[in-house]
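Below: one structure in structure tokens.
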Amino acid sequence: MPLFGNTFSPKKTPPRKSASLSNLHALDRTTKEVELGLEYGAPSISIAGQSLKFENGQWIAGRLFAGVVQCKDLQRLRKRNQQLEEENNLLRLKVEILLDMVKDLTSVVVIKLV
């Protein structure tokens, strides 16, 4: 028993206020949409010139590419594009070699004429 009474007596903390005083959290989604006008629509993005829209749990291509290009077609087109690029590079090299040959030939002819 202490001489001057109980020296340790902490003060009681006041009760906390609730996190939200509004009752909006209790409303269901349709009521919130009617009350607050929360009609966002389907999310859509545009990447590299192609628009995508999120509908029914899947990303769907925009109207420009919708249903036109399938995965297999895309792979086939990429492969064909690569082949054409390689062929184009080869033809450019051949033209460059032919131009060098014509230049050398004309310089030899000019030298002989002089």
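Side-chain atoms are counted along with the backbone in the values below, which use heavy atoms only and exclude waters and symmetry mates.
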Rounded to the nearest 0.5 Å, what separation is found between the CG atom of L52 and the OG atom of S44?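 Those atoms lie 9.0 Å apart.
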Acceptor/donor pairs from residues 87-110 side chains to any protein atom, 3.5 angstrom cut, sequence neighbours excluded:
| from | atom 1 | to | atom 2 | distance (Å) |
| --- | --- | --- | --- | --- |
| N89 | ND2 | E85 | O | 3.4 |
| T106 | OG1 | V102 | O | 3.0 |
| T106 | OG1 | K103 | O | 2.9 |
| S107 | OG | K103 | O | 3.3 |
| S107 | OG | D104 | O | 2.7 |

When rounded to the nearest 0.5 Å, the distance separating CD of E86 from CG of N81 is 10.0 Å
